[in-house]
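Only one structure is covered here, and it is reproduced in the block below.
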Amino acid sequence: QPLSLHLLLPRAGRHSLPFAATAAPLSSRGPKATVLAPGPRRRAARLSVPAVAAETARAEDAPSPSPSGDGAFDWLDHWYPFAPVCDLDPGAPHGKTVLGLSVVAWYDRGAGEWRVFDDACPHRLAPLSEGRVDGKGRLQCVYHGWCFDGAGAGACKFIPQAPALGPPVHKNSKACVASYPTAVQNKILWFYPRPEPEHRDVLQRKRPPYIKEIDDPSFVTAFGIRDLLYGYDILAENLMDPSHVPYAHKGLIGGPRNTQDPGRVEHDKEGGGSIKLKIEEASLAGFLSSWERGSWRFVAPCTFYSSGTSMQAKPGKKNTPRFMLVVFCVPVAPGRSRLIWAFPRNFGVWLDLIIPRWLYHVGQNRVLDSDAYILHVEERKFAASGLDNWHNDCYVPASSDTMVVAFRSWFRKYCKNRVGWATPQPDELPPTPNKDTLMERYWSHVVQCRSCSAALKAMRALEVALQVASVAVVGVLAVAKETTLVMSAAQRAVVVSAAVLCFAASRWLSNFIENNFFFQDYSHAYK
């Protein structure tokens, strides 16, 4: 079953169903890494604006042990994953929103390091992510050509409009762009959302969560990234709920089966059952949950991973086959989140030599699509009632809900049911789009994934080639009819068949591209 998550194949079909747009008010919601020093910045407001309602939920409703440690969770004192390095092109800047901050990552060729800046040129606030890396390895704003380097931590090095013999206006502190501490760890680019000079050596005090299996040479790891139109807390809660898998993702992946459930008489075809989870420890930093196959750990605010599912080893084999689920829940903005995943395994390593990464993503995106609308609507209902009423509104009596309740208890006790955004955010959720937008894959995944982008480009070229070939074959028949070229009936049949096959192949490929790189609906009623 672990490999089934990778090797899922798509199904054809598209059903676009519109849904009414609504806006729900948030006021009712309850190894080794290198660090790059931040530089001077133009001071902008860094306010912690509520995304959800204040704390009123009852602690006694949580079945987990009382968390130890007091105090509020500081969202700005943690590292956040930007993207897997394999999906970052060193030749271009990459813009993303994390914790409400619009930032841009780019590769400093001179230092051989990735940098993360504010995605705003200090001249007229144009997005630097739309710029380029110039011939000298500097980040250039394409609006007016201002250039910034990485070694100077955001210092402006060139203003084309400034006279060469005039005052050095590019050295003014107002010409600098904010630079954030960065680190590459576990093949992922991380950044720390505080650019002030006092956080220059933050890596010495606080490191990003480290998963040793990702860097273990005996393991291979498949990375992925996807933007989602529901919030951080909804994403985290869903990933911590193993019991939804056989139902919400029916026909795609199976859920964990518990063979120790005495007295059970009724069984459904999805294979759901009792899952015994237990919270072993809980604190402001997260929690640890155990179950019969190992454990799960939540490292606040983003990291959630399993201890690894062990499989039966073959006789004479030293290493036990293991498969891990590692996910990073990134808060983007109210009603928006980003999922970064990594699946380390130490078996079937040769598969990655013959199976392209984009083919893994075809199935993984279908899994994410299958419950996207459910979670989007669920978030609106939570907002209408208020997250402070979560424990009253939701009936969670089963042990399989243990991690969900533990997360909600952590979110309530230490975060007061709110994300500490780094910039002011609107006090309402964005309107609900139709399914075409809610489950679209191109902007949410393909443009962020180098493997899928390359595959899409190649398939489009092949589609055009097949169409040209079908037209060319028909042209051969026309020329043969108008000239003295003699063709037997068998030859004409071969030519016609080739034209039909080329055209049919181009149509099939067009449908494959649409379903796997743009949009494909998932209808639960017919699964």
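For the numbers below, each heavy atom of this structure counts, side chains included, while hydrogens, waters and symmetry mates do not.
The backbone N or O of Ala120 lies less than 3.5 Å from no partner atom in the side chain of Asp118, so there is not a single donor-acceptor pair. Of the possible donor and acceptor atoms, none in the side chain of Ser510 sits under 3.5 Å from a partner among the backbone N and O of Ser506. Counting only distance, with no hydrogens or angles, the side chain of Asn346 and the backbone of Ser218 share no donor-acceptor pair below 3.5 Å. Under the 3.5 Å distance criterion, the side-chain polar atoms of Ser129 are left unmatched by any main-chain donor or acceptor of Gly95. The backbone N or O of Asp241 lies less than 3.5 Å from a partner atom in the side chain of His244, making a donor-acceptor pair. Using modelled atom types, one side-chain atom of Thr423 and one backbone atom of Gly100 make a donor-acceptor pair closer than 3.5 Å. Put simply, the side chain of Asp108 never gets that close to the backbone of Trp114: no donor and acceptor are under 3.5 Å apart. Looking at Arg345, its side chain does come within 3.5 Å of a backbone N or O of Gly348 through a donor-acceptor pair. Between the side chain of Gln448 and the backbone N or O of Ser444, at least one donor-acceptor pair lies under 3.5 Å. In this structure, Asn238 contributes its side chain and Ile234 its backbone to no donor-acceptor pair below 3.5 Å.
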Next on the checklist: Between Arg412 and Asp233, is the salt bridge (charged side-chain N to carboxylate O under 4.0 Å, His left out) condition met? List the steps.
Outcome noted: CA-CA 11 Å; Arg412 172 194 52 78; Asp233 56 312; over 6 Å; no
Next on the checklist: Could you walk me through whether Asp149 and Arg138 satisfy the salt bridge (charged side-chain N to carboxylate O under 4.0 Å, His left out) test, starting with their C-alpha distance in whole Å, then the side-chain angles of each, then the deciding distance to 0.1 Å, before giving a yes or no?
Outcome noted: CA-CA 5 Å; Asp149 77 346; Arg138 304 172 300 191; over 6 Å; no
Item to check | Intermediate values then yes/no, side-chain hydrogen bond (donor to acceptor under 3.5 Å, both in side chains), Tyr192 and Asp77 | outcome: CA-CA 7 Å; Tyr192 185 81; Asp77 190 29; 2.4 Å; yes
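Remark: aromatic rings of Phe518 and Tyr442 are close, center separation under 6.0 Å. Separation of the Tyr522 and His524 ring centroids falls under the 6.0 Å cut-off. The ring of Phe328 has its center no closer than 6.0 angstrom to the ring center of Trp79. The aromatic ring centres of Phe223 and Trp341 sit 6.0 Å or more apart.
Here the options are Arg226, His361, Gln364, the test is side chain to side chain donor-acceptor pair (under 3.5 Å), and the partner is His445; only His361 passes.
Phe73 and His78 have parallel rings, their planes meeting at less than 30° on a 0 to 90° scale where 60° marks the start of perpendicular. Note: Trp146 and Phe148 have tilted aromatic rings, judged against thresholds of 30 and 60 degrees for the angle between ring planes.
Between Glu213 and Arg322 there is a side-chain heavy-atom pair separated by less than 4.5 Å. Residues Leu277 and Ser290 have side chains not in contact (no heavy-atom distance under 4.5 Å, counting atoms from C-beta outward). Residues Tyr107 and Leu88 are not in side-chain contact: their nearest non-hydrogen atoms beyond the backbone lie 4.5 Å or more apart. By the 4.5 Å heavy-atom criterion applied to side chains, Leu339 and Leu228 are counted as neighbours. Using a 4.5 Å heavy-atom threshold, the side chains of Glu237 and Arg408 count as touching. When side chains are defined from C-beta on, Val133 does not count as touching Gln140, because their heavy atoms never get closer than 4.5 Å.
Taking the ring axis of Phe82 as reference, the NZ or CZ atom of Lys96 stays within 45° of it and closer than 6.0 Å to the ring centre.
Partners of Asp227 according to the salt bridge (charged side-chain N to carboxylate O under 4.0 Å, His left out) rule, which considers only residues two or more places apart in sequence or in another chain, are Arg338. Partners of Asp74 according to the salt bridge (charged side-chain N to carboxylate O under 4.0 Å, His left out) rule, which considers only residues two or more places apart in sequence or in another chain, are Arg194.
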List, one per line, each side-chain donor-acceptor pair under 3.5 Å for residues 296-305, sequence neighbours excluded.
{"residue": "Arg297", "atom": "NH1", "partner": "Glu281", "partner atom": "OE2", "Å": "3.2"}

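Taking CG of Asp371 as the start and NZ of Lys250 as the end, the distance is 15.5 Å to the nearest 0.5 Å. Interatomic distance, CH2 of Trp106 versus CG of Leu139, reported as 5.5 Å (0.5 Å rounding). Separating the OG1 atom in Thr182 from the CZ atom in Arg115 is a distance of 6.5 Å, to the nearest 0.5 Å.
Counting heavy atoms of neighbouring residues, nucleotides and ligands inside a 6.0 Å radius, atom NZ of Lys136 does not exceed 12 of them.
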